Amino acid sequence: MEITPRILKGFRDFLPPAEIRRKELVRILEDSFRSFGFVPIDTPLLEYAEVLLGKGGGETDKQVYRFNDHGGRDVALRFDLTVPFARYMAMHRNELNLPFKRFHINKVFRGENTQRGRYREFTQCDFDIVGTDSVSADLEIVLMITSAFAALQIPGVTVHISHRGIFNRFLQAHQVQDQSVEILRTVDKLRKVGEEETLQTLQTLTSPEVAEKTLAFIGASGSFQEILTTLESLAGGPCPESQTLREIGTALETLVTPGTVILDPSITRGLDYYTGVVFETFLKGAEGIGSVCSGGRYDDLVSLYSKEAMPGVGASIGLDRLLAGLEELGQLPGTTAAADVLITMQDAALTAHYHELGQRLRARGIRCEVYPEAQKLGRQFAFAERKEIPLALVCGLREHQDGTVNLRVLETRENHQDLTEEQALEIIHGLLPR
RNA sequence: GUGGAUGUAGUUCAAUGGUAGAGCGCCAGAUUGUGGUUCUGGUUGUUGCGGGUUCAAGUCCCGUCAUCCACCCCA
């Protein structure tokens, strides 16, 4: 009896065109991170459940994959890259130079229900600066986000930034900090539900007066600095948190395209461990897919594992969600070409010659593959085109004797006849985009 | 996890409870060294899976798996 091939809900196979695209995005991101001096690390997929979940083991929210291994250990698959990183820093802080800037691109697992751009196995691209509470680090993370998306050549990206503490100050100023969780949840739905309903819900939670002010706080409009001034006045005047935001906002004026980074006081949630600035990033036209890069500052992350404080700031790009968003926008970038050149097989007797040709092309930086069977040329051309290989080399007995090759541009069906290898190389290099 | 929609050939879609079909694609040939046209012939199914009702189920019922949507949460 054969087993039906199938895969788990929320887990996926990737066909070559999709995987080529993913790898290309990752390559660009790695280059981008490295250009800022971030260095790569990796950690195990599987960890002690206690390490990932804390002593309490409250995995209810995270929907963690958790089980006992063969040795009876209570283990779990990592559900993000930040918590393992905290454990990593607690274990290796003496081997690392602080401040430490790392990036980490790998898969994480959450047993939550699936949706477009939401899977149970997905890839996160984390980048963090730890060991400093400098505003410079906060600023650099924002700059890293905008630079990464610029490197990916994705237009219409906006980074929404806020500060955990400033909304808390507002709540304290109106003595409603006890309802902060409910208020945050309500406020988060503003764009989805509308002002009217949000106001009503807030009124039942607080008072009509506070509800009005909350809405004014959340809906503050204008430039970065104008919004900040509004927030300060509603939260009881300037404070260290607003000062941080002001510094970041001022610096960004000359660092990024205007309108790329928006002060958005409704960005108040995020993971529990954020204590300072928080960010979410949206694709214009695909806001429904959610944030494609979120993060913030955490000042007590390592406290779970160590007495010493380890402040940090970082963010994470959701690669799969980003790809789903780009697909929705019809903006999937990059080519999925398997190679630059197909060396066609005209005559099986010349097999060795074709591979020698291939080796010489590869030595010159050209990706090429040799077609393995002497089939009709039309068939070999169609094969190349399906794999998005733009060029084909044709060499039969005649050309082999003359020491020449023919080069065909598949898209235009244009032929370059009787070329020496050097001439062919020159034309190939001229035709390839890089 | 809760609620809802969907699931038919490689793909896009048909089929009043009564023989599972069409376009596109794919394969072969006309065309043995150059594939976009044309013509001829050919190919494709455990109707997601498992039960049930019925003389008869792609169609109705139940379960299950998967996808999508909303909630929740988040990347």
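Values in this document were obtained by computation on a predicted structure and should not be read as measured data. Chain naming here is simple, since letters A, B, ... match the order of the sequence lines and numbering starts at 1 in each.
- In this structure, CG of A:Asp126 is placed 9 Å from P of B:A75, rounded to the nearest angstrom.
- Side chain A:Arg110 to base B:C74: no donor-acceptor pair is found below 3.5 Å.
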Per-nucleotide protein contact string for nucleotides 29-41 of chain B (B base, S sugar-phosphate only, - none; heavy atom under 4.0 Å): ----BBBB-----
When the side chains of residues 344-353 of chain A are checked against the rest of the protein, which donor-acceptor pairs come out under 3.5 Å, sequence neighbours left out?
from     : atom 1 : to       : atom 2 : distance (Å)
A:Thr344 : OG1    : A:Leu393 : O      : 2.7
A:Asp347 : OD1    : A:Ala349 : N      : 3.0
A:Thr351 : OG1    : A:Ala348 : O      : 2.6

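- Scored by the ring-ring contact (aromatic ring centres under 6.0 Å, His included) test, A:Phe170 finds A:Phe167, A:His174, A:Phe217 as partners (sequence neighbours excluded).
- Across the interface with RNA chain B, nearest-nucleotide mapping of A:Ser291 and A:Lys9 shows A:Lys9 to be the residue nearer the 5′ end.
- The main-chain N or O of A:Met144 is never found under 3.5 Å from a side-chain atom of A:Ser147 such that the two would form a donor-acceptor pair.
- In this structure, NE2 of A:His160 is placed 16 Å from C1' of B:C74, rounded to the nearest angstrom.
- When rounded to the nearest whole Å, the span between CZ of A:Phe127 and P of B:A75 equals 13 Å.
- In this structure, A:Thr114 reaches the sugar-phosphate backbone alone: every heavy-atom distance under 4.0 Å involves primed, P, OP1 or OP2 atoms, never a base.
- Between the side chains of A:Arg22 and A:Thr123, at least one donor N or O lies within less than 3.5 Å of an accepting N or O.
- Taking atom C1' in both B:U2 and B:C13, one finds a spacing of 33 Å when rounded to whole Å.
- When the P atom is compared between B:G52 and B:U12, the two are found 32 Å apart, to the nearest whole Å.
- The separation between A:Phe122 atom CZ and B:C73 atom P is 16 Å, rounded to whole Å.
- If you take atom C1' in B:C60 and the same atom in B:C68, they sit 25 Å apart, rounded to whole Å.
- Among the protein residues, A:Arg116 comes within range of the sugar-phosphate backbone only, with heavy atoms under 4.0 Å from sugar or phosphate atoms but none that close to a base.
- Under the side chain to side chain donor-acceptor pair (under 3.5 Å) criterion, A:Gln375 pairs with A:Tyr371, A:Arg379, sequence neighbours left out.
- Under the side chain to side chain donor-acceptor pair (under 3.5 Å) criterion, A:Asp126 pairs with A:Thr82, A:Arg102, A:Ser316, sequence neighbours left out.
- Looking at residues two or more places apart in sequence or on another chain, you find a side chain to side chain contact (heavy atoms under 4.5 Å, CB included) between A:Pro311 and A:Asp133, A:Arg297, A:Asp299.
- B:U47 and B:G21 are spaced 12 Å apart, taking the C1' atom of each and rounding to whole Å.
- Closest-nucleotide positions on RNA chain B for A:Cys293 and A:Gln115 were compared, and the one nearer the 5' end corresponds to A:Gln115.
- Using a 4.0 Å heavy-atom cutoff across all strands shown, A:Gln380 reaches no nucleic acid atom at all.
- For the 3.5 Å distance criterion, the side chains of A:Asp42 and A:His104 qualify, holding a donor opposite an acceptor.
- Across all strands shown, A:Gly325 has no heavy atoms under 4.0 Å from either base or sugar-phosphate atoms.
- Atom CD1 of A:Ile145 is separated from atom C1' of B:A75 by 13 Å (rounded to the nearest Å).
- Taking atom CG of A:Leu152 as the reference point, atom P of B:A75 lies 19 Å away to the nearest angstrom.
- Taking atom C1' in both B:U31 and B:C39, the straight-line distance is 12 Å, to the nearest Å.
- By the side chain to side chain donor-acceptor pair (under 3.5 Å) test, A:Arg169 pairs with A:Glu241, sequence neighbours left out.
- Atom P of B:U16 sits at a distance of 40 Å from the matching atom of B:G29, rounded to the whole Å.
- Where RNA chain B pairs in unbroken runs of 3 or more (Watson-Crick or G-U, both distances under 3.5 Å), the stems are B:1-7 with B:65-71, B:10-13 with B:21-24, B:26-30 with B:38-42, B:48-52 with B:60-64.
- Under the salt bridge (Lys or Arg N to Asp or Glu O under 4.0 Å) criterion, no residue pair touches residues 397-415 of chain A, with sequence neighbours excluded.
- Sorted by first and then second residue, the salt bridge (Lys or Arg N to Asp or Glu O under 4.0 Å) pairs involving residues 142-161 of chain A (not counting sequence neighbours) form an empty list.
- Checked by atom type and distance alone, the side chain of A:Lys387 never pairs as donor or acceptor with a backbone atom of A:Leu342 at under 3.5 Å.
- Atom name P, nucleotides B:G10 and B:C27: the rounded distance is 15 Å, in whole Å.
- Atom P of nucleotide B:C65 and atom CG of A:Leu8 are separated by 11 Å, given to the nearest angstrom.
- Between A:Gln63 and B:C73 there is no side-chain polar atom (N or O) within less than 4.0 angstrom of OP1 or OP2.
- Rounded to whole Å, the separation between the C1' atoms of B:C26 and B:G7 comes to 24 Å.
- Sorted by first and then second residue, the ring pair (Phe, Tyr, Trp, His ring centres under 6.0 Å) pairs with a member in residues 114-149 of chain A read A:Phe33-A:Phe127; sequence neighbours excluded.
- The CD atom of A:Glu280 sits 10 Å away from the C1' atom of B:A75 (whole-angstrom rounding).
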Under 4.0 Å protein heavy-atom contact, by nucleotide of nucleotides 2-12 of chain B - B base, S sugar-phosphate only: B----------
